[in-house]
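We use all heavy atoms of the structure for the numbers below, so side chains are in, but hydrogens, waters and symmetry mates are not. By convention in this document, chain letters (A, B, ...) are assigned in the order of the sequence lines, proteins followed by strands, and residues within each chain are numbered from 1.
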2 protein chains.
Amino acid sequence: MNNFNFQNKTAIRFGKNVIDTELHDAVAQFGQRVLLVFGGGSIKQSGLYDRVRDALADLEVVELSGIAPNPKIDSVRAGQDLVKTHDIDVVLAVGGGSVIDAAKVIASSKFYDADPWDLVVASSKRYEIAQLPVVDILTLSATGTEMNVGSVISNPETNQKLGTGGPNSPAVSFLDPTLTFSVSPWQTAAGAIDIFSHLTEQYFDQTPNDVTSGMMAGLYRAVIKNAPIALANPNDYDARAALMWASTMALNGLVDVGNTNGWTVHPIEHELSAYYDITHGVGLGIMTPRWMQRSLSAETQPRFAQFGREVWGLTGDDATVAQGAIQATFDWIKSLNVPTTLPGVGITDDTHFDAMANSAVTVGHLDQAAYVTLQPQDVVALFQAAMTDDGFVK
Amino acid sequence: MNNFNFQNKTAIRFGKNVIDTELHDAVAQFGQRVLLVFGGGSIKQSGLYDRVRDALADLEVVELSGIAPNPKIDSVRAGQDLVKTHDIDVVLAVGGGSVIDAAKVIASSKFYDADPWDLVVASSKRYEIAQLPVVDILTLSATGTEMNVGSVISNPETNQKLGTGGPNSPAVSFLDPTLTFSVSPWQTAAGAIDIFSHLTEQYFDQTPNDVTSGMMAGLYRAVIKNAPIALANPNDYDARAALMWASTMALNGLVDVGNTNGWTVHPIEHELSAYYDITHGVGLGIMTPRWMQRSLSAETQPRFAQFGREVWGLTGDDATVAQGAIQATFDWIKSLNVPTTLPGVGITDDTHFDAMANSAVTVGHLDQAAYVTLQPQDVVALFQAAMTDDGFVK
């Protein structure tokens with residue numbers, strides 16, 4: 001195990017209706033002037049918006065709505081204007097990963113006097129400046145942003161979708177599984193695949209250890225079991241709770257301690273959603289089985305076999321279990337009723353494959369830092385493999 | 001899953017030789033006057049004492065040595081005198097669970113003007129007062145105290161061994177697996193059993209959930225696998241690292257979120273070590289399989305079967321797997337070369353069984369809060385069952 005530092009200060013408030021009793025004080029501890037960040041109208045339809053405004057009735061609340069999936073830098077720019085103009089004390093994000101991701105960068109942008117896209121391109125700048133505290137109410141189990149310092153922001157002008165870090169994870173995260181009862185089957189599936197992919201990015205590493213491997217295996221099994229339950233019965237509290245807490249545990253820094261390698265499938269998928277604005281989790285579900293097939297080799301077979309045994313419960317020799325685990329991954333994704341090919345999400349030709357592959361390798365350092373290193377032509381081959389389901393038992 | 005709050009601010013510095021580069025600043029951030037708390041002479045023999053004093057050469061260091069296993073309230077009283085007399089800024093604990101447990105209560109005692117035994121008997125008092133920051137260097141993988149707020153303190157005058165909580169977990173914990181290379185086989189085994197027992201106290205709960213169950217299963221497997229490796233080769237870094245990180249993860253609050261029940265075997269064992277001063281982990285190893293046998297019923301069988309499958313990899317029907325898991329637990333403990341009966345640790349008659357059973361039920365609320373509730377006569381029966389290995393295949 002490599003040496004590591006770990007600390008995560010986010011305070012979690014998990015459970016039914018906790019916002020009604022605890023939100024006010026969690027926000028007001030940081031000040032009176034609140035920037036409320038949210039997406040479209042879904043929180044108004046669900047009644048969550050009214051509950052939040054009621055809880056904060058005695059505070060000064062400024063609103064920034066319209067944060068889109070794959071949040072755009074223009075939303076951050078609008079937020080920067082508001083936090084400066086109104087001298088905001090605390091940012092309250094109500095929504096899924098996109099809303100919280102944008103809120104984190106907006107929280108930094110108050111203390112930056114130029115275009116906040118600079119802060120995305122060079123995360124290091126954010127560590128040199130202050131950051132407003134962020135409180136969030138999570139409405140989608142997926143990205144893990146509720147307990148980490150990361151954000152992913154898109155710039156449509158440049159076709160860039162970049163990850164950025166900051167000094168602080170959210171100060172307080174409210175996780176109420178009932179708020180995800182209304183999440184659509186599509187977003188439920190995409191969220192579950194996103195969690196699965198976060199685990200995969202960390203599980204497949206050149207210096208794994210028994211502690212984090214075992215913890216990840218448990219998280220994998222929780223997601224694999226509960227995603228179909230939540231799809232079949234959207235109001236199943238325990239299934240929604242398992243997905244929500246698994247999303248948080250999968251990406252709060254705990255399960256990659258001691259790891260060596262960077263991520264692979266996320267940088268590749270970011271190109272797809274940057275160019276085509278597809279749903280991130282669906283893109284991950286398309287690319288992950290192809291990445292597994294290409295990464296399986298004599299060298300990696302023992303790790304894929306361990307994956308097959310402790311995650312999928314397969315038995316047999318290493319070669320059989322490793323292959324079976326990849327097929328099981330494909331089958332599980334397909335069972336969630338999402339497309340499993342690029343044409344299934346409307347990407348029907350290879351126009352941008354070279355450009356996307358070059359960018360993925362550059363941004364993700366895939367030729368140096370990946371578990372199995374990839375050159376641009378390897379990434380193009382992955383895109384090509386994703387044009388059909390050939391190679392998998394259907 | 002029950003509603004819960006979770007936050008853990010401890011900063012972890014994990015790995016080889018990290019103290020040499022990071023200890024000074026980690027301590028000095030809190031001030032110049034340091035109380036160095038440690039046990040016997042082992043840290044002097046190992047050279048760790050000199051490394052610590054070298055790192056803190058420019059700080060004012062006052063020493064409190066002689067903290068014993070099952071740390072005694074007299075050590076805390078001595079520490080209280082020192083932190084007040086020298087107006088200490090930060091407590092640095094170097095040792096195993098006993099040293100760190102004592103240091104946490106000493107850190108509170110600076111702000112209390114009466115006998116610190118009061119703070120152990122009534123933890124609530126500690127939440128009303130301040131607490132000095134605690135930095136620790138862990139030398140034994142076992143209790144998890146390095147990332148939680150708990151302490152266990154003994155009072156030989158009253159035959160009491162009580163758990164106590166406080167407002168803060170350690171500010172910074174240094175976890176260097178190489179510092180455990182010199183831990184004896186006896187203490188290595190006892191530490192591993194302690195970790196196993198912490199998991200067991202939390203795994204067997206009336207409201208389990210898939211996320212924490214799966215994470216615990218992974219931690220169990222890491223301990224079951226690596227304890228024998230560390231015994232066979234004390235300098236195996238990866239095995240020592242797995243035990244160390246598993247000890248921290250097993251009891252930092254993460255894996256019992258959403259749980260309902262209190263602990264059972266620990267309160268029972270605390271009576272044994274309060275009356276007989278036996279090694280805590282060894283006592284747990286004696287009592288755990290008996291507790292499992294007595295707790296297995298039609299109602300609990302599904303949980304024991306899940307334990308058998310995801311922890312021990314057993315297959316078959318529930319009854320077979322549940323029974324097999326209990327035998328496997330006994331076999332694993334026995335394989336670590338520790339006594340598996342009370343006579344094996346010198347407890348050869350039932351003189352104190354009634355008094356210990358009454359106290360365990362009262363202190364642990366075993367008749368109300370336990371996974372399977374126990375009356376005093378049930379605890380006596382557990383002690384009696386532990387007089388021989390009858391009931392297990394040997």
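Taking the six-membered ring where the residue is Trp, B/Phe4 and A/Phe14 present parallel rings, their angle staying beneath 30° rather than reaching 60°.
With a 4.5 Å cut-off on non-hydrogen atoms, B/Tyr237 touches chain A through its side chain but not through its backbone. Proximity to chain B is absent for every atom of A/Met216, based on heavy atoms less than 4.5 angstrom apart. B/Val18 touches chain A through its side chain: at least one heavy atom from C-beta onward sits under 4.5 Å away, while N, CA, C and O do not. Contact annotation for A/Asn226: only side-chain heavy atoms (C-beta onward) come within less than 4.5 Å of a heavy atom of chain B. Contact annotation for A/Met1: both backbone and side-chain heavy atoms come within less than 4.5 Å of a heavy atom of chain B. In this structure, chain B has a heavy atom under 4.5 Å from the side chain of A/Val257, while its backbone stays farther away. Contacts of A/Asn8 with chain B are made by backbone atoms alone, with heavy-atom separations under 4.5 Å and no side-chain atom involved.
A distance of 9.5 Å separates CG of B/Asn148 from CD1 of B/Ile100, quoted to the nearest 0.5 Å.
Inter-residue side-chain proximity for A/Ile12 and A/Leu175 is flagged as met; some heavy-atom pair is nearer than 4.5 Å. Proximity of B/Met249 to B/Ile195: side-chain heavy atoms (C-beta onward) are nowhere separated by under 4.5 Å. Annotation: side chain of B/Leu251 is in contact with side chain of B/Gln202 (closest heavy-atom distance under 4.5 Å).
In this structure a side-chain-to-backbone donor-acceptor pair under 3.5 Å is missing from A/Asp236 to A/Ala230.
Heavy-atom pairs under 4.5 Å with chain B peak, among A/Ala217, A/Gly15, A/Pro177, at A/Gly15. Note on B/Gly258, B/Ala239, B/Gly218: by heavy-atom pairs under 4.5 Å with chain A, the leading option is B/Gly218. Highest contact tally toward chain B, considering only A/Gln7, A/Arg13, A/Lys16, A/Lys225, is held by A/Gln7 [criterion: heavy-atom pairs under 4.5 Å]. Of the listed residues (B/Thr212, B/Leu219, B/Leu254), the greatest number of heavy-atom pairs within a distance under 4.5 Å of chain A belongs to B/Leu254.
Side chain to side chain, B/Asn17 and B/Thr178 fail the donor-acceptor criterion of an N or O pair below 3.5 Å. Checking A/Thr10 against A/Ser173 by side-chain atom types alone, no donor-acceptor pair falls below 3.5 Å.
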